[in-house]
Amino acid sequence: MTRGDGQLTTELDPDQPGPRDACGVVGVWAPGEEVSKLTYFGLYALQHRGQEAAGIAVSDGSRTVVYKDLGLVAQVFDESTLAPLQGHMAIGHARYSTTGASTWDNAQPTIRSTTTGTAIALAHNGNLVNTADLLEEVDRLGVEMGENTSDTHLITALLTARPDESVTAAAERVLPQLRGAFCLVFTDENTLYAARDPQGVHPLVLGRLASGWAVASETAALDTIGAQFVREVEPGEMVAIDEYGLRSTRFANPEPKNCLFEYVYLARPDSNLAGRNVYATRVEVGRVLADEHPVEADLVIGVPESGIPAAIGYAEASGTPYGQGFTKNSYVGRTFIQPSQSLRQLGIRLKLNPLVDQIRGKRLVIVDDTIVRGNTQRALVRMLREAGAVEVHIRISAPPVKWPCFYGIDFATRAELIAGSLDVDGIRAQIGADSLGYVSQQGLVRATEQPASRLCMACFDGRYPIELPAADLIGKHLLESQSPTPQPTEASTQVREGTTA
Ligand code: SF4
């Protein structure tokens, strides 16, 4: 396999309808186990969090090897690529890019050597907001970035920048410098580390395996690999796991601001966030929606997947029957087939097809998780009317998304967000629905059973809990714009050598 293997990822839906997730991470420390396979299955369970690239780094105590490529987890790995990845611990990553383009170089885990020859492999879920400051620091220390343009590579560069510094000492120096959202898993040859930003924006959980430990972005990944949930990695905490057990250190005081959007859309329904099950939260949001936005209707339908639990809650609370209204092709989303212009016009039908007999002649309540640009809902309403629906009432299980996220979720720019410029009735008119109702922010918070003070809700109310830099010092392609002619470096060479491709 050559680098990237000629594969081009392309989003089949030209409207890029929904928010895009921001990576999943897995770490496994389990001598005697097939750690790379456990990591693979953990990543497989987190595929929804990132579909652009996947990678695994494995260490056998003397050498760390990385294998990564663009594509879905099951496209990047098979028996033959996993077989050489032998060792006692591994980390893995499923990527959606938020800083740095979707290129092979920016795929993770990253790997970089210290001056003493120790290799640090690192994977990151989240997005930093002080990337420009960190780049300055990297320049000051004289570290070359090569072709790597992600904030994650900056972290790895800083961890390896100082000669003769232990990994633990480097982590204690670097982690307090990072601002933004970061759930990290990283390794040297002997130790698995995991760290979470002081706000704990995105989830990171710790589990016990029969012969070791596992760390993952969501509890569902622990379940998948047979690990018992132990606890969350706390905001501002770093854990280190090796043959002597697990050690915990604090690199910052916790100031919890968990992402509210994880409950609505990002996390799997079978995951738990801060002890609250995501499915139960979504059903409860549906009940709140029914209370806040009742309507006379014949059938409640959820838009797969994350709209379904809220639709069940809405139906239950309103007494309106719940039914399936669509068949979803679960395998469409990212494809390696470039859609021609005529195929693009099929739009939403490539993903969802209406069950006409269920819909014809009925007044429908359609429950969806969010409206970003409005293109998907407009197409959905049109499709349902063509299928014979007499009324289409849209209910949204999140408040209007009016502000961009800088902490690892890619919605759109403020100008592209339909709720950034239109009020609810304006949006209703744009999408062609008979009525439109969003759950209130207060109602959504109540459903999570978390105190509002512990949640980030910036995409709904514009109050960013982690200070943002000036607009020109933040953005997905910040590092590409800072480095127009990147030069290959020793470190990027190591990545290729470390890759078993
Ligand atoms: S801005 Fe929204 S999506 Fe981003 S972390 Fe906060 S709640 Fe989550």
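For ligands, and for the atoms within them, numbers begin at 1 and follow the listed sequence.
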Name the orientation class of the two ring planes belonging to F186 and Y193 (parallel below 30°, tilted from 30 to 60°, perpendicular beyond 60°).
parallel
For L455, which part has a heavy atom under 4.0 Å from ligand 1: side chain, backbone, both, or neither?
neither
Hey, which of E255, E234, E232 is the one that makes salt bridge (Lys or Arg N to Asp or Glu O under 4.0 Å) with R196?
E232
Lys/Arg N to Asp/Glu carboxylate O, R287 vs E316, below 4.0 Å:
yes
Heteroatoms of the protein, restricted to N/O/S, which lie under 2.8 Å from atom 2 (Fe) of ligand 1
C459 SG
How close do G443 and E292 get, counting heavy atoms only, and between which atoms?
CA-OE2, 4.2 Å
Any salt bridge linking E284 with R276? Criterion: basic side-chain nitrogen under 4.0 Å from a carboxylate oxygen.
no
Looking only at heavy atoms, the pair that brings L444 and S397 closest together is CD1-O, 4.2 Å
Ligand 1 atoms nearer than 4.0 angstrom to some heavy atom of V201 are 5 (S)
Between E416 and R373, does any NZ, NE, NH1 or NH2 come within less than 4.0 Å of an OD or OE carboxylate oxygen?
yes
